[in-house]
Number of protein chains: 2
Amino acid sequence: MKHQTAKPLSNTQRAIHELRELIFSGDLPAGSDHLESELATRLNMSRTPIREAALTLEGQGLLELRPRKGVRILPVSVEDMVEIYDVLTELESLSARRAAERNLNSIALTPLAKSIEDMENALVSGALEDWANADDLFHQELVNLAGNSRIKSIVSMMNDQVRRARSITLFMRPLPLKSNEDHRQVFEAIKSGDGERASLIHKRHRQNAKKLIVGLLEKHRLNKI
Amino acid sequence: MKHQTAKPLSNTQRAIHELRELIFSGDLPAGSDHLESELATRLNMSRTPIREAALTLEGQGLLELRPRKGVRILPVSVEDMVEIYDVLTELESLSARRAAERNLNSIALTPLAKSIEDMENALVSGALEDWANADDLFHQELVNLAGNSRIKSIVSMMNDQVRRARSITLFMRPLPLKSNEDHRQVFEAIKSGDGERASLIHKRHRQNAKKLIVGLLEKHRLNKI
DNA sequence: GCATTCATTAATGCATACGCAAATAAATGC
DNA sequence: GCATTTATTTGCGTATGCATTAATGAATGC
């Protein structure tokens with residue numbers, strides 16, 4: 001049997017996961033404050049694991065512990081988006097370069113190819129949510145292929161921070177046709193071992209995404225999300 | 001009066017600071033395990049603030065909480081150094097670019113200039129520790145000037161992780177004459193607003209530093225520090 | 001009416017307690 | 001002796017209680 005008997009997740013871990021879900025779903029809205037005891041009641045546990053979870057999530061930039069005010073869910077401003085996209089742009093384009101340099105065989109590249117296919121299928125059927133998920137996967141696979149665990153965790157943290165903003169703007173965007181074209185080009189560059197090209201194209205791709213999303217936020221006066 | 005009546009730092013904060021010091025000083029050596037209760041006794045407080053501090057430091061990649069084994073001080077391998085220097089290289093050279101693009105006046109550039117002077121003075125008098133401190137300051141000032149708070153905190157985290165390795169290899173290195181030349185060139189490029197040049201030179205600078213330090217670690221078989 | 005001080009409330013920071021599970025030691029069977 | 005089971009120890013996860021201190025509102029003086 002490969003399947004472990006499902007070791008029963010600690011309360012702290014549960015709190016981390018459930019709080020993340022509540023934040024991403026907007027159930028705990030950006031900018032809102034919540035007492036530790038309130039969250040404890042809500043998740044049906046004592047304050048201790050809540051505090052521990054909050055400490056962890058604070059380190060991940062999702063919330064802030066303000067003594068006597070409670071836990072504040074951090075809003076993301078346009079300036080934050082600019083900061084985050086700058087970081088993502090650099091680290092992901094380096095990842096593209098490194099991935100290309102590793103001369104990976106097509107088996108290793110399968111997940112990346114799959115994510116591109118998924119995006120294209122989603123586009124055809126107009127399933128934007130699906131497209132966004134596949135897009136996430138593409139970026140995640142890209143940094144996986146580069147094999148730098150720090151980059152992986154930084155990129156995943158930054159993605160978490162912009163998740164709400166991304167899902168809000170998702171339906172305000174034009175169909176991401178160009179985006180898919182970019183992905184395919186990055187993929188080809190990696191496959192052919194051209195690190196410089198993979199890096200350049202991906203960088204341009206991310207810079208465009210930044211412009212697009214920042215533009216949308218400003219246009220719609222969405223300063224704090 | 002500008003001076004507050006020195007609000008008495010919480011135990012958790014104290015634990016964070018003191019544990020950091022103990023780690024950097026080698027008092028808690030890389031790879032060593034320590035029970036929460038042991039650390040609590042050592043810092044003269046209960047387990048609660050120790051656990052909270054450990055959670056925070058775990059998020060910063062300095063240690064790991066392993067149930068029943070205690071808190072493990074994370075060693076840094078050569079592979080880790082490569083990962084970290086790759087991240088530092090990218091984010092700092094972007095910072096150099098952004099700093100240059102901001103057309104900062106000489107007042108804003110004073111701290112950076114000062115750090116370069118300090119390094120040169122330290123070199124003349126052969127005070128390697130002082131040189132290292134000034135070097136740290138240069139890199140820190142550089143990211144400050146770029147004005148991206150995420151980059152600032154990532155870079156500072158990564159620097160914390162390599163601090164031990166850096167101080168161990170400090171005395172094995174040749175005099176960092178070339179390094180100082182690089183710093184000055186980066187400074188000039190920033191001052192003249194040439195972002196592309198600032199970025200390129202700094203990137204080269206960091207890549208050299210990476211090669212140097214990785215080479216030293218491998219030569220001296222220092223695999224886990 | 002406004003500012004200042006005082007009293008009250010309440011949330012946190014931390015110490016402490018305890019059950020459970022993992023690790024270790026002891027004991028048993030072969 | 002060695003393997004396997006059972007007993008014991010021990011560290012952690014979590015709940016709980018309390019002192020501290022910030023925030024809020026009431027009361028006082030001007």
Side-chain angles (χ1 to χ4, degrees), chain A residues 1 3-23 27-74, chain B residues 1-23 27-29 31-74:
Chain A
M1 263 289 226
H3 197 61
Q4 295 285 351
T5 34
K7 116 174 62 169
L9 219 46
S10 80
N11 276 352
T12 302
Q13 291 304 313
R14 258 190 49 219
I16 292 175
H17 289 127
E18 299 193 10
L19 288 177
R20 282 171 55 94
E21 289 310 316
L22 289 172
I23 292 171
D27 229 329
L28 298 178
S32 60
D33 292 324
H34 308 273
L35 297 180
E36 293 174 2
S37 44
E38 170 204 331
L39 294 173
T41 312
R42 189 160 182 172
L43 300 195
N44 199 38
M45 54 184 75
S46 84
R47 275 178 53 223
T48 307
I50 294 290
R51 269 182 74 85
E52 296 195 351
L55 249 343
T56 301
L57 295 176
E58 181 174 50
Q60 299 177 7
L62 288 179
L63 49 82
E64 195 183 15
L65 286 165
R66 300 189 312 168
R68 326 224 138 238
K69 304 265 182 166
V71 171
R72 151 165 287 238
I73 311 303
L74 284 181
Chain B
M1 265 291 225
K2 186 156 196 184
H3 198 64
Q4 296 283 354
T5 34
K7 119 173 55 168
L9 217 46
S10 81
N11 276 355
T12 302
Q13 291 305 313
R14 257 189 49 217
I16 293 176
H17 289 127
E18 301 193 9
L19 288 177
R20 284 171 53 93
E21 289 310 316
L22 290 173
I23 293 171
D27 231 328
L28 298 178
S32 60
D33 291 326
H34 308 272
L35 298 181
E36 294 175 3
S37 44
E38 170 205 324
L39 294 173
T41 311
R42 189 160 181 169
L43 301 194
N44 200 38
M45 55 184 75
S46 84
R47 273 180 53 221
T48 309
I50 294 290
R51 268 182 76 84
E52 296 194 351
L55 250 344
T56 302
L57 295 177
E58 182 174 48
Q60 299 176 7
L62 289 180
L63 49 82
E64 197 183 15
L65 285 165
R66 301 190 312 170
R68 328 226 128 238
K69 305 266 184 167
V71 173
R72 149 166 289 235
I73 311 303
L74 284 180

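By convention in this document, chain letters (A, B, ...) are assigned in the order of the sequence lines, proteins followed by strands, and residues within each chain are numbered from 1.
Atom CD1 in A/Ile50 sits roughly 13 Å away from atom C1' in D/dA15 (whole-Å rounding). Atoms CG (A/Leu39) and C1' (C/dT12) sit 14 Å apart, rounded to a whole Å. The CE atom of A/Met45 sits 16 Å away from the C1' atom of D/dT16 (whole-angstrom rounding). The separation between B/Leu9 atom CG and C/dT12 atom P is 19 Å, rounded to whole Å.
Within the 4.5 Å cutoff, no side-chain heavy atoms of B/His34 are placed close to those of B/Leu63. Side-chain contact between B/Leu35 and B/Lys69: absent, with no pair of heavy atoms (C-beta onward) separated by less than 4.5 Å.
The CG atom of A/Leu57 lies 5.5 Å from the CD1 atom of A/Ile23; values are rounded to the nearest 0.5 Å. In this structure, CZ on B/Arg66 lies 4.0 Å from CZ on B/Arg72, to the nearest 0.5 angstrom.
The side-chain contact (heavy atoms from CB on, under 4.5 Å) search around A/Arg42 returns A/Leu22, A/Asp27, A/Leu28, A/Glu38, not counting sequence neighbours.
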Could you list all N or O pairs between the protein and nucleotides 9-13 of chain D that sit under 3.5 Å apart?
unit_1: D/dG11; atom_1: N2; unit_2: B/Arg68; atom_2: NH2; d: 2.2
unit_1: D/dG11; atom_1: N3; unit_2: B/Arg68; atom_2: NH1; d: 3.4
unit_1: D/dG11; atom_1: N3; unit_2: B/Arg68; atom_2: NH2; d: 2.9
unit_1: D/dG13; atom_1: OP2; unit_2: B/Arg51; atom_2: NH1; d: 2.3
unit_1: D/dG13; atom_1: OP2; unit_2: B/Arg51; atom_2: NH2; d: 3.0
unit_1: D/dG13; atom_1: N7; unit_2: B/Arg47; atom_2: NH2; d: 3.0
unit_1: D/dG13; atom_1: O6; unit_2: B/Arg47; atom_2: NH1; d: 3.1

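Judged by distance alone, the side chain of B/Arg14 and the main-chain N or O of B/Leu43 form a donor-acceptor pair under 3.5 Å.
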